[in-house]
Amino acid sequence: MAEKLIHKYFDDDELLRISNTIKKYEMQTSGEIAVSVKEHSSISQKKKSIEELAKQEFVKLGIHNTKDKTGILIFILLDKKQFHILADSGINEKVQQDTWNKIKDVIESKFREGSYAEGLIYGVEEVGKILAEHFPIKPDDVNELSNKINF
């Protein structure tokens, strides 16, 4: 059986570190951080942009259903070496797209260096800090989405 593409970018320990980073930062915010890594797009998705694919994944994972519309997705498509950060409307009311673009630039730089786990962990940490600032944890907060990476 051929090695999965994901293992060329992340080992099991790194995937666990990423999930643990999501969990750590979600303890500080009522926002929800989701990470989705796809090895390749399906034939029907080949012509779609990375943003369109991220929007599809956003809905598929139910991120749009969070109580306060404070979900955010870091979506990675390995075969095209592309990724996108997509925030829900509650976040977009308080945080400008330029903020995500700056985080994306640093992640992209780390990816180019071959530091995929570090890039993704950086992204989760920065997103988490911003969410904690704008959407601090509430006493009745419920974890609405899994902290595990979606494949």
Side-chain angles (χ1 to χ4, degrees), residues 4-7 9-42 44-45 48-80 82-111 115-151:
K4 287 190 165 268
L5 186 58
I6 187 123
H7 294 300
Y9 294 91
F10 305 98
D11 66 32
D12 289 342
D13 288 341
E14 290 170 331
L15 294 172
L16 183 60
R17 278 183 39 222
I18 295 163
S19 292
N20 287 338
T21 303
I22 294 168
K23 183 178 180 180
K24 173 185 172 186
Y25 280 90
E26 281 195 357
M27 290 179 167
Q28 303 169 31
T29 178
S30 59
E32 293 288 331
I33 304 166
V35 173
S36 182
V37 179
K38 298 292 178 210
E39 293 191 337
H40 49 80
S41 51
S42 68
S44 65
Q45 297 172 324
K48 293 188 177 185
S49 70
I50 189 70
E51 184 176 356
E52 290 172 308
L53 295 173
K55 286 178 181 177
Q56 279 185 329
E57 189 73 359
F58 194 87
V59 171
K60 180 181 160 206
L61 296 175
I63 300 167
H64 66 297
N65 290 328
T66 59
K67 189 173 106 183
D68 296 321
K69 301 291 184 204
T70 55
I72 188 163
L73 171 66
I74 300 175
F75 178 75
I76 300 171
L77 185 58
L78 294 177
D79 70 338
K80 288 189 177 179
Q82 295 178 330
F83 72 99
H84 188 74
I85 300 172
L86 182 62
D88 208 343
S89 58
I91 296 172
N92 288 334
E93 289 171 7
K94 295 187 177 190
V95 182
Q96 298 301 311
Q97 182 62 40
D98 187 51
T99 302
W100 309 130
N101 292 344
K102 287 176 186 168
I103 293 170
K104 185 178 184 235
D105 289 345
V106 175
I107 295 171
E108 207 168 282
S109 172
K110 290 184 182 293
F111 282 4
S115 302
Y116 301 103
E118 287 76 18
L120 197 44
I121 288 169
Y122 169 85
V124 170
E125 288 173 343
E126 292 303 304
V127 164
K129 290 174 191 173
I130 291 164
L131 291 182
E133 178 185 332
H134 293 284
F135 307 98
I137 192 87
K138 297 176 181 175
D140 64 343
D141 187 65
V142 175
N143 189 13
E144 298 178 76
L145 300 172
S146 171
N147 297 331
K148 292 182 177 153
I149 300 170
N150 298 282
F151 299 104

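Counting from 1, the numbers follow the sequence of the chain as shown.
Considering only heavy atoms from C-beta on, Ile91 stays 4.5 Å or farther from Lys69 through its side chain. Side-chain contact between Val37 and Asn150: absent, with no pair of heavy atoms (C-beta onward) separated by less than 4.5 Å. At least one side-chain heavy atom of Tyr122 sits less than 4.5 Å from a side-chain heavy atom of Ile107. A heavy-atom distance below 4.5 Å is not found between the side chains of Lys55 and His84. Side-chain contact between Ile103 and Ile85: present, with at least one pair of heavy atoms (C-beta onward) separated by less than 4.5 Å. Residues Ser36 and Ile149 form no side-chain contact, since every pair of their non-hydrogen atoms from C-beta on lies 4.5 Å or further apart. Between Trp100 and Ile130, some side-chain heavy-atom pair lies under the 4.5 Å cut-off. Two residues are said to be in side-chain contact when any heavy atoms from C-beta on lie closer than 4.5 Å; Tyr25 and Val127 fail this criterion.
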| Are Gln45 and Glu52 close enough, and set up right, to give a side-chain hydrogen bond (donor to acceptor under 3.5 Å, both in side chains), and what steps lead you there? | CA-CA 9 Å; Gln45 297 172 324; Glu52 290 172 308; over 6 Å; no

| request: List the steps and the verdict of side chain to side chain contact (heavy atoms under 4.5 Å, CB included) for Leu5 and His40. | output: CA-CA 9 Å; Leu5 186 58; His40 49 80; 5.7 Å; no

| task | Report the C-alpha distance between Phe75 and Leu86 in whole Å, list the side-chain angles of each, state the deciding distance to 0.1 Å, and finish with yes or no for side chain to side chain contact (heavy atoms under 4.5 Å, CB included). | result | CA-CA 8 Å; Phe75 178 75; Leu86 182 62; over 6 Å; no

| task | List the steps, then state whether side-chain hydrogen bond (donor to acceptor under 3.5 Å, both in side chains) holds for Gln96 with Thr99. | result | CA-CA 6 Å; Gln96 298 301 311; Thr99 302; over 6 Å; no

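Using cut-offs of 30° and 60° on the angle between ring planes, the pair Phe58 and His64 is tilted.
Taking every heavy atom of both residues into account, Val142 and Glu32 meet most closely at O-OE2, 3.5 Å. Residues Thr70 and Thr66 come closest through the heavy atom pair N-OG1, 3.2 Å. Across all their heavy atoms, Leu53 and Ser41 have their closest contact at CD1-CB, 4.2 Å. The two atoms that bring Ser146 and Lys148 nearest to each other are OG-N, 3.0 Å, heavy atoms only. When all heavy atoms of Lys48 and Gln56 are compared, the pair lying nearest together is NZ-NE2, 2.7 Å. Ala34 and Ile63 get closest at one heavy-atom pair: CB-CD1, 3.6 Å.
To the nearest 0.5 Å, atom CD of residue Glu39 and atom CD1 of residue Ile76 are 12.5 Å apart. Atoms NZ and CG, on Lys110 and Asp105 in that order, are 13.0 Å from each other to the nearest 0.5 Å. In this structure, the separation between OG on Ser30 and CG on Asp140 is 9.0 Å, given to the nearest 0.5 Å. Atom CD of Glu125 and atom CD1 of Ile18 lie 11.0 Å apart (nearest 0.5 Å). Note that the CD1 atom of Ile137 and the CD atom of Gln28 stand 8.5 Å from one another [nearest 0.5 Å]. Summarising the geometry, atom CD1 belonging to Ile33 is positioned 11.5 Å from atom OG belonging to Ser19; distances are rounded to the nearest 0.5 Å.
Judged as a side chain to side chain donor-acceptor pair (under 3.5 Å), and not counting sequence neighbours, the contacts of Lys102 are Asp98.
Comment: Lys129 engages Glu126 in a salt bridge, judged by a side-chain N to carboxylate O separation of less than 4.0 angstrom. A salt bridge is absent between Asp12 and Arg17; no separation between the charged side-chain nitrogens and carboxylate oxygens falls under 4.0 Å. Of the charged side-chain nitrogens involved, at least one lies within less than 4.0 Å of a carboxylate oxygen, so that Glu57 and Lys38 count as a salt-bridged pair.
Taking the six-membered ring wherever Trp is involved, the centroid distance between the rings of Phe83 and Phe111 falls below 6.0 Å.
For Thr29 (side chain) and Leu131 (main-chain N/O), a donor-acceptor pair under 3.5 Å exists by modelled atom type. The closest donor-acceptor contact from the side chain of Asp68 to the backbone of Gly31 lies at 3.5 Å or more, if one exists at all.
Within a 6.0 Å sphere centred on NZ of Lys80, other residues, nucleotides and ligands contribute more than 12 heavy atoms.
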